[in-house]
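Each remark here refers to the structure printed beneath this line.
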Amino acid sequence: MEKFDKLSGIAAPMPLVNIDTDMIIPKVFLKTIKRSGLGVNLFDEMRYDRQGNEIPEFVLNQPAYREASILVAGDNFGCGSSREHAPWAIADFGIRCVISTSFADIFYNNCFKNGILPIVLPEAERDALMEDAEKGANARIEVDLEAQTVTSSDGEVYHFEIDSFKKHCLMNGLDDIGLTLEKAAAIDTFEEKHATERPWV
Amino acid sequence: MSPKTLYDKIWDAHVAHEADDGTCLLYIDRHLVHEVTSPQAFEGLRMAGRTVRAPDKTIGVPDHNVPTTLDRANAETMTEDSRIQVEALDKNAKDFGIHYYPVSDVRQGIVHIVGPEQGWTLPGMTVVCGDSHTATHGAFGALAHGIGTSEVEHVLATQTLIQKKSKNMKVEITGHLKPGVTAKDITMSVIGETGTAGGTGYVIEYCGTAIQDLSMEGRMTVCNMAIEGGARAGLIAPDEKTFAYCKGRPHAPKGEDWDKAVEYWKTLYSDDDAHWDKVVTIRGDDIAPSVTWGTSPEDVLPIDAVVPDPASFAGGKVDAAKRALDYMGLTAGQKLTDIEIDTVFIGSCTNGRIEDLRAAAEILKGKKVKDGMRAMVVPGSGLVRAQAEEEGLADIFKEAGFEWRMAGCSMCLAMNPDQLSEGERCASTSNRNFEGRQGYKGRTHLVSPGMAAAAAITGKLTDVREMM
């Protein structure tokens, strides 16, 4: 997994609340057996018309935001399905950080498996960054995972909270499975005890 | 010992390792896999030279993509990309030796209906699947939730998940439901009350007399939509109804093991003075047959209400409601019962069980769907389908003008050819009314099976109580 430490980039504003996983990557693109190549279909139904032409009003089609690497989003981003195709598509597009007031649980966890940092901020701070993002390509937002800060284009610094284990894995690009297999002995012991106490499981 | 909630008890019984910062390895008792979110996980195992740690606890069934037409035994009826996904699951199941119900098996169906039906899901277990509606299994007092594909791979390789504990939320439904009001109306009303993010960070336990009154099928409907309220999982404490449902199922314990299991299952309830981080109480007799008007499951109202004015909301919801009305082609102030529909879909892991089909058939008996109406029933599993045929329900549906389909997820998420066309409006017993969910620019109104049947007859959203 790609490491995440610092990021400085253009932020695209998406103020709509409850942006769901069906919007992020519609189901027609779930019929893949690969993880890659989904960026072109990120937000497909909002981004293209039925003939496949770009809808100019959509934020990521605007010249200022085509190279965005950060999303500033409305409340409850990523609600709905467990499809990891959503973070796959976001990462494949080149977005490495999403900022909102809240995320759906499964989507939030899925981000960390794919080198994406989801940042939760209070409403007023998210709104300030949304305004910043609306200024366009000249307004670069900076994210520092180690310091747990987001800095707006005019130098305002916001602190965010993050689980220490998730931070550690993201900063070092660690493979969860490898880490867990180091604890195989603990799993073996538990499994044996569990099977004795509850043989029907 | 300090008092515990049901969630605390199941959690504590499955922690295989706990780090200093509270990060746990939670042991997983049942892992369900389907064709859409698993191929990359199996591929990841192969590339790393890993194997499935507990194939005997891993159960696969294709459901999302599969056609529901009667001729589906012929793989040619699938689009090529769907066929590749189903064939990949066929192969992965064989290569890794997991339990498997292929498309041709009468026991095939929606993974969340097959699990309980086959007795894989039992009280006190941890159950995961790469599908958000895994919450369904919480009806048995099992801790069940959806995971992403990376986590599917993690569970395949280690039989554990890296987790931190969620908070405890109690949703109590007091009193009793009135006639015509169902489990679907309970679960939609709860989301209407708490919002789609109201459960974020929590595991919900549903309790109260109106929940105890429900059958296992109804309890599965309630827990199924816990995820629509943002919760990691929904739970209902097991009781005699739960034990009766499980008894005799193919993979339920037998003999001495059964007695031992029941003895343990009887300890699975929240202690009287357990701590709750959040409590929501709703009076069961206040709940009416409900319907969604917008594009989020929280956009729910009683059937006798009118389409709301976006200006009546606050914050970002004002623009979201405007967008929803525009998408849905509705006007503020319009009576919900004046909304004309084109299509009725009865099925899904929310409402594709035998009791749901009985409820719909009860309304449809001796009646016909409105001229021009497209109406389909997609049973949740091959066994539900067989039982409905035996009970004569299939004949009622067919005589009323419904298509009687094979089992699968079908139009709930429209990954197979069962889709709405642009602007087509559907009364659906499924769980999500997101934009494009049932087809590009399709319009979804979520309802109970009885309400769906009533709408099929009148051609409009209809109060089922008027047809009882």
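A, B, ... follow the sequence lines: proteins, then strands. Residue 1 opens every chain.
- For a residue to count as touching a neighbouring chain, one of its non-hydrogen atoms must lie under 4.5 Å from one of that chain's; by this rule B:Val15 touches chain A with the backbone only.
- Annotation: A:Asn138, atom CG; neighbour count of heavy atoms from other residues, nucleotides and ligands within 6.0 Å does not exceed 12.
- When every heavy atom of A:Val201 is checked against every heavy atom of B:Lys57, the shortest pair comes out as O-CE, 4.0 Å.
- When each of A:Lys193, A:Met23, A:Lys183 is checked for heavy-atom pairs under 4.5 Å with chain B, A:Lys183 comes out on top.
- Counting heavy-atom pairs closer than 4.5 Å to chain B, the top residue among A:Asp75, A:Asp163, A:Asn114 is A:Asp163.
- In this structure, B:Tyr27 and A:Phe190 have tilted ring planes: the angle between them lies in the 30° to 60° band.
- A pairwise comparison of heavy atoms in A:Ala186 and B:Ala16 identifies CB-O, 3.8 Å as the closest pair.
- Residue B:Thr149 touches chain A through both its backbone and its side chain, counting heavy-atom pairs closer than 4.5 Å.
- Interatomic distance, A:Asp176 CG to B:Glu151 CD, rounded to the nearest 0.5 Å: 8.0 Å.
- For the residue pair A:Asn18 and B:Glu298, the shortest heavy atom distance occurs at ND2-OE2, 3.0 Å.
- Crowding of A:Glu54 atom CD: a count of heavy atoms from other residues, nucleotides or ligands under 6.0 Å exceeding 12.
- Side chain of B:Gln85 to main chain of A:Leu30: a donor-acceptor pair is present (N/O by atom type, distance under 3.5 Å, no hydrogens or angles).
- Heavy atoms closer than 4.5 Å to chain A are found in the side chain of B:Tyr264, but not in its backbone.
- Within a 6.0 Å sphere centred on NZ of B:Lys247, other residues, nucleotides and ligands contribute 12 heavy atoms or fewer.
- Both the backbone and the side chain of B:Ser150 come within contact range of chain A, each with at least one heavy atom under 4.5 Å from a heavy atom of that chain.
- Heavy atoms of B:Thr79 lying under 4.5 Å from chain A belong exclusively to its side chain.
- Per-residue heavy-atom pair counts under 4.5 Å with chain A were compared for B:Leu122, B:Ile147, B:Asp319, and the maximum is reached by B:Ile147.
- Side-chain contact annotation: A:Asn76 with B:Thr196, donor-acceptor N/O pair under 3.5 Å present.
- If you measure heavy-atom distances from B:Met415 to chain A, the contacts under 4.5 Å come from both the backbone and the side chain.
- Side-chain contact between A:Leu16 and B:Arg323 is present, with heavy atoms from C-beta onward closer than 4.5 Å.
- Considering only heavy-atom pairs separated by less than 4.5 Å from chain A, the leading option among B:Ala261, B:Gly315, B:Ala157 is B:Ala261.
- In this structure, B:His14 and A:His194 have perpendicular ring planes: the angle between them is above 60°, well past the 30° mark.
- In A:Glu2, the CD atom is not crowded: 12 or fewer heavy atoms of neighbouring residues, nucleotides or ligands sit closer than 6.0 Å.
- A distance of 6.0 Å separates CZ of B:Arg432 from OG of A:Ser81, quoted to the nearest 0.5 Å.
- Residue A:Asn110 touches chain B through its side chain alone, counting heavy-atom pairs closer than 4.5 Å.
- Enclosure of atom NZ in A:Lys3 is not indicated, since only 12 or fewer non-hydrogen atoms of other residues, nucleotides or ligands lie within 6.0 angstrom.
- Contact of B:Asp21 with chain A is made through the side chain alone, with heavy-atom distances under 4.5 Å.
- B:Tyr440 and A:Glu45 share no donor-acceptor pair across their side chains, judged by distance under 3.5 Å alone.
- If you measure heavy-atom distances from B:Ala414 to chain A, the contacts under 4.5 Å come from both the backbone and the side chain.
- Heavy-atom neighbours of A:Asp49 CG from other residues, nucleotides or ligands within 6.0 Å: above the threshold of 12.
- Both the backbone and the side chain of A:Arg35 have a heavy atom closer than 4.5 Å to some heavy atom of chain B.
- Scanning both residues, B:Asp257 and A:Pro199, for their nearest heavy atoms gives OD1-CG, 3.6 Å.
- When each of A:Val17, A:Thr180, A:Val28, A:Leu181 is scored by its heavy-atom pairs under 4.5 Å with chain B, the top score falls to A:Thr180.
- Nearest heavy atom pair, residue B:Ile227 against residue A:Gly80, reads CG1-O, 4.2 Å.
- Side chain of A:Lys27 to main chain of B:Arg437: a donor-acceptor pair is present (N/O by atom type, distance under 3.5 Å, no hydrogens or angles).
- Contacts between B:Glu35 and chain A at a heavy-atom distance below 4.5 Å are absent for every atom of the residue.
- Here B:Asp131 is the residue among B:Asp131, B:Val152, B:Thr134 with the most heavy-atom pairs under 4.5 Å with chain A.
- Looking at B:Ile162, the atoms closer than 4.5 Å to chain A (heavy atoms on both sides) all sit in the side chain, from C-beta outward.
- Among B:His145, B:His64, B:Lys164, B:Glu43, the residue making the largest number of heavy-atom pairs under 4.5 Å with chain A is B:Lys164.
- By the 4.5 Å heavy-atom criterion applied to side chains, A:Lys113 and B:His154 are not counted as neighbours.
- The shortest distance between side-chain heavy atoms of A:Lys166 and B:Thr23 does not fall below 4.5 Å.
- Under 4.0 Å is where a charged nitrogen must lie from a carboxylate oxygen, and between B:Arg53 and A:Glu191 at least one such pair does.
- For a residue to count as touching a neighbouring chain, one of its non-hydrogen atoms must lie under 4.5 Å from one of that chain's; by this rule B:Thr158 touches chain A with backbone and side chain alike.
- Note that CE of B:Met125 is 9.0 Å distant from CH2 of A:Trp200, once rounded to the nearest 0.5 Å.
- Both the backbone and the side chain of A:Asp188 come within less than 4.5 Å of a heavy atom in chain B.
- By the 4.5 Å heavy-atom criterion applied to side chains, B:Glu87 and A:Ile33 are not counted as neighbours.
- Put simply, CG on A:Asp22 and OG1 on B:Thr295 are 11.0 Å apart, with the number rounded to the nearest 0.5 Å.
- Heavy atoms only, all atoms of each residue included: A:Asp175 and B:Arg50 are closest at OD2-NH2, 3.4 Å.
- In this structure, chain A has heavy atoms under 4.5 Å from both the backbone and the side chain of B:Gln40.
- Interface residue B:Ala13: backbone and side-chain heavy atoms are both found under 4.5 Å from chain A.
- For the atom pair A:Ile187 CD1 and B:Ile28 CD1, the distance stands at 10.5 Å (nearest 0.5 Å).
- Within the 4.5 angstrom heavy-atom criterion, only backbone atoms of A:Glu197 (N, CA, C, O) approach chain B.
- Between the CZ atom in A:Arg50 and the NZ atom in B:Lys441 there is a gap of 9.0 Å [rounded to 0.5 Å].
- Of residues 95-107 of chain A, those residues with a non-hydrogen atom less than 4.5 Å from any non-hydrogen atom of chain B are, in numerical order, A:Phe103, A:Asp105, A:Ile106.
- Proximity to chain B (any heavy atom under 4.5 Å) is shown, for A:Thr32, by both the backbone and the side chain.
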